[in-house]
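Below is one structure, written out as structure tokens, with a few remarks after it.
As a basis for the values below, the full set of heavy atoms in this structure was taken, side chains included, without hydrogen atoms, waters or symmetry mates. Order of the sequence lines fixes the chain letters, A, B, ..., with proteins taken first and strands second; residue numbering starts at 1 for each chain.
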Amino acid sequence: MKRTHYCGDLRSEHIGQTVTLCGWVWHWRDHGGVIFIDIRDRTGHSQLVFDPNHHQENHRRANLLRSEFVIEITGQVRERPEGTKNPNYGTGEIEIVVNEMAVFSESETPPFPIADHVDIGEDVRLKYRYLDLRRPAMRESVLFRSRCYHVVRNYFNANEFIEVETPVLSKSTPEGARDFLVPSRVSPGEFYALPQSPQIYKQLCMIGGLDRYFQIVKCYRDEDQRADRQPEFTQIDVEMSFITPEDIFAVMEGLMKVIWREMKGVKIETPFPRMPYDEAMARFGCDRPDIRFALELKDIGDIAKESDFQVFQSIVDSGGIISGLCVKGGAAFSRKEIDDLASEAAIYGAKGLAWMKYSEKGLESSIVKFFSEGQQNALIERFAAEPGDLLLFVADKKEIVYPSLSHLRLLIGARQKLFDPAADRFLWIVDWPLFEKDDNGNPTPSHHPFTSPTPDTLDFLETDPFRVRAQAYDLVLNGIEIGGGSIRIHRRDVQSRMFKTLGLTEEKAQERFGFLLDAFRYGAPPHGGIAFGYDRLIMLMLGLPNIREVIVFPKNQRAQAVMEGAPSEVDEEQLRELGIRKKL
RNA sequence: GGGGCCGUAGUUCAGUUGGUUAGAAUGCCUGACUGUCGAUCAGGAGGUCGCGAGUUCGAGCCUCGUCGGCCCCGCCA
């Protein structure tokens with residue numbers, strides 16, 4: 001007998017039909033006489049009825065069924081008696097009187113209930129991921145993710161993009177993230193690398209004339225994990241020729257619009273606002289600001305410099321900055337609450353958190369005495385403070401002030417419920433610096449070394465690299481970076497100058513990226529693109545707390561697959577074939 | 001590399017100031033029950049308190065170490 005319907009699809013229109021369902025035994029309710037069993041598959045569940053008056057043998061066998069047995073039944077769909085319908089489920093109007101039943105496999109008692117209403121430790125869930133996937137919420141995010149692939153593919157197909165698969169066995173590029181290396185039996189002592197992104201391949205596709213490329217692609221980075229970072233993750237990767245950033249914005253805004261419409265039924269406004277990097281840092285202390293709420297940073301270096309507060313003065317003198325936040329109603333914070341905020345700021349290196357409470361009597365705190373009345377008024381005015389507010393200041397290097405205040409801002413914003421958690425606010429961050437300083441103060445790419453400088457700052461490449469601006473852009477949603485890209489360098493001479501600025505010798509550059517530089521010799525079109533974090537996007541749309549919830553078989557915090565046990569040791573024979581000896 | 005929180009029954013957790021026999025809920029097993037839907041009721045089984053040292057008359061609780069989980073800083077072109 002063949003399955004005729006999915007368990008979650010039956011409705012009152014099926015009443016009277018004989019149906020065959022396959023699925024897992026979910027809940028059962030044995031009333032001594034009648035037994036109800038919910039049969040579940042990926043679509044939902046239906047209620048089976050085993051009535052001893054209807055079929056004594058089936059009723060006896062139903063008694064032996066247990067959680068997660070896999071069964072097939074054939075029976076008649078009937079309307080439930082009045083008063084026993086369940087409006088909470090799509091199938092709540094009907095039930096199935098079972099005529100025939102087969103048990104495909106029995107099941108041991110599962111280590112945790114197949115239900116959403118219990119929180120199970122993630123280590124247990126991952127060990128038994130195949131059971132976890134049976135839980136309705138998990139199943140829903142898998143299905144959601146699957147539907148979203150189709151929306152993305154349809155969109156790019158409709159817009160004349162070409163889907164291309166780039167290699168997974170690739171060449172190591174030691175810049176940037178650590179590579180996963182793959183040894184080769186055919187070339188002993190040599191290694192492929194798994195791509196951190198298909199960056200160079202998609203540029204070569206442009207040089208190959210494909211013009212508009214997209215790919216939904218796995219990327220691999222051997223770095224430490226976070227709630228939103230996995231060693232392998234999925235990107236929506238895009239590249240286009242003969243374009244400006246505006247073309248990228250339009251295409252990606254269109255994609256977001258379609259995804260939100262199809263997946264959430266929500267209309268989002270385009271174009272998205274754009275904000276220069278410097279403005280984002282100054283106003284929010286962060287290159288991916290959450291603009292669902294204000295609570296902006298204000299620089300007070302000019303006021304503090306004039307004050308008698310030695311600590312602030314010396315920080316300004318040594319090139320540091322002083323910036324602050326005005327917390328509405330924060331004057332009511334206890335000493336402990338402020339101390340707690342200070343330790344939150346300390347995570348990002350802030351050595352202290354200065355504060356002033358503002359009441360009808362004026363500003364109050366141990367440092368107010370160092371500020372003249374005029375300076376105090378200037379502070380109040382700078383923050384548009386009102387009685388009852390709390391001013392918080394961090395003074396240090398930019399690299400400490402901005403992250404710590406940004407963190408406090410998000411903390412306070414969440415605590416004071418300053419934003420609607422259901423709102424979605426997109427933002428393009430533009431005008432990035434091409435370089436940032438590495439530990440030794442040398443230039444290192446903000447994005448990657450193929451990002452094109454803006455034409456008007458190009459010539460600072462040799463003289464003042466930190467002044468060079470990039471034709472780069474990030475898309476930020478609710479304070480989380482969901483995508484980033486740039487217009488690429490398409491000229492061999494510019495790419496060479498870029499490598500030179502990064503301290504790559506001609507030989508090194510040739511060895512690592514020679515194939516790209518060579519390609520530039522043969523007519524490279526101007527091009528650019530962007531890559532989107534697919535897992536993050538799904539996570540955000542579903543409001544889930546981490547990326548593992550939207551990955552079917554994720555790794556744990558230590559990048560291990562606990563179910564299958566990977567990574568694992570391999571046979572000596574395998575290593576010998578590869579010419580590898582362990583040195584641990 | 002560093003910081004924080006956590007680890008007690010299959011699962012989720014409680015466990016007071018260190019005190020004698022470690023609890024609850026749920027799940028599991030047995031029984032009862034003919035309209036339930038996270039069924040209900042009665043009974044039962046179920047523990048290396050992550051592991052190892054130490055302090056103590058006595059440790060789930062205190063100390064040190066260690067292992068594991070999650071979150072964060074660094075890292076993530």
What nucleic acid atoms does A:Arg66 come within less than 4.0 Å of, heavy atoms only: base, sugar-phosphate, or nothing?
sugar-phosphate

Classify the nucleic acid contact of A:Arg78 as base, sugar-phosphate or nothing, counting any heavy atom under 4.0 Å across all strands shown.
base

Below 4.0 Å: OP1/OP2 of B:C76 and any side-chain N or O of A:Gln196
no

Base, sugar-phosphate, or nothing: which does A:Ser197 touch, judged by heavy atoms less than 4.0 Å apart?
base

Categorize A:Asp222 for me: base, sugar-phosphate, or nothing, with a 4.0 angstrom heavy-atom threshold over every strand shown.
nothing

Rounded to the nearest angstrom, tell me the gap between atom CD1 in A:Ile347 and atom C1' in B:G2.
12 Å

Counting only side-chain N and O atoms of A:Arg548, is one of them less than 4.0 Å from OP1 or OP2 of B:C71?
yes

Applying a 4.0 Å non-hydrogen cut-off, can you work out what A:Tyr348 is touching in the nucleic acid: base, sugar-phosphate, or nothing?
sugar-phosphate

Using only side-chain N and O atoms of A:Arg226, determine if any of them is under 4.0 Å from OP1 or OP2 of B:G74.
no

So that I know where these two stand, are A:Phe450 and A:Phe513 an aromatic pair - ring centroids less than 6.0 Å apart?
yes

Any N or O donor-acceptor pair linking the side chain of A:Arg29 to the base of B:U34 at under 3.5 Å?
no

Given the C1' atoms of B:G47 and B:C13, what is the spacing between them in whole Å?
15 Å

May I ask you to test the A:Glu122-A:Asn546 pair for a side-chain heavy-atom distance under 4.5 Å?
yes

Do you see a donor-acceptor pair shorter than 3.5 Å between the side chains of A:Asp9 and A:His14?
no

Let me know the distance between CD of A:Gln557 and P of B:G3, rounded to the nearest Å.
15 Å

For the residue pair A:Ser172 and A:Tyr192, confirm or rule out a side-chain donor-acceptor distance under 3.5 Å.
no

When all nucleic acid strands are considered with a 4.0 Å heavy-atom cut-off, which category describes A:Thr109: base, sugar-phosphate, or nothing?
sugar-phosphate

Mind checking A:Lys85 for me? I need base, sugar-phosphate or nothing, with any heavy atom below 4.0 Å counting as a touch.
base

Below 4.0 angstrom from OP1 or OP2 of B:U34, is there any side-chain N or O of A:Asn53?
no

What pairs with A:Phe112 under ring pair (Phe, Tyr, Trp, His ring centres under 6.0 Å), at least two apart in sequence or on another chain?
none

Looking at every strand, decide which applies to A:Ala227 at a 4.0 Å heavy-atom threshold: base, sugar-phosphate, or nothing.
sugar-phosphate

Are OP1 or OP2 of B:C71 and a side-chain N or O of A:Gln225 less than 4.0 angstrom apart?
no

Name the pairs: protein N/O against N/O of nucleotides 7-13 of chain B, kept only if under 3.5 Å.
from: B:G10; atom 1: O2'; to: A:Pro111; atom 2: O; distance (Å): 2.9
from: B:U11; atom 1: O4'; to: A:Pro111; atom 2: O; distance (Å): 3.4
from: B:U12; atom 1: OP1; to: A:Gly121; atom 2: N; distance (Å): 2.6

Determine, for A:Arg536 against A:Asp228, whether the closest basic-nitrogen to carboxylate-oxygen distance falls under 4.0 angstrom.
yes

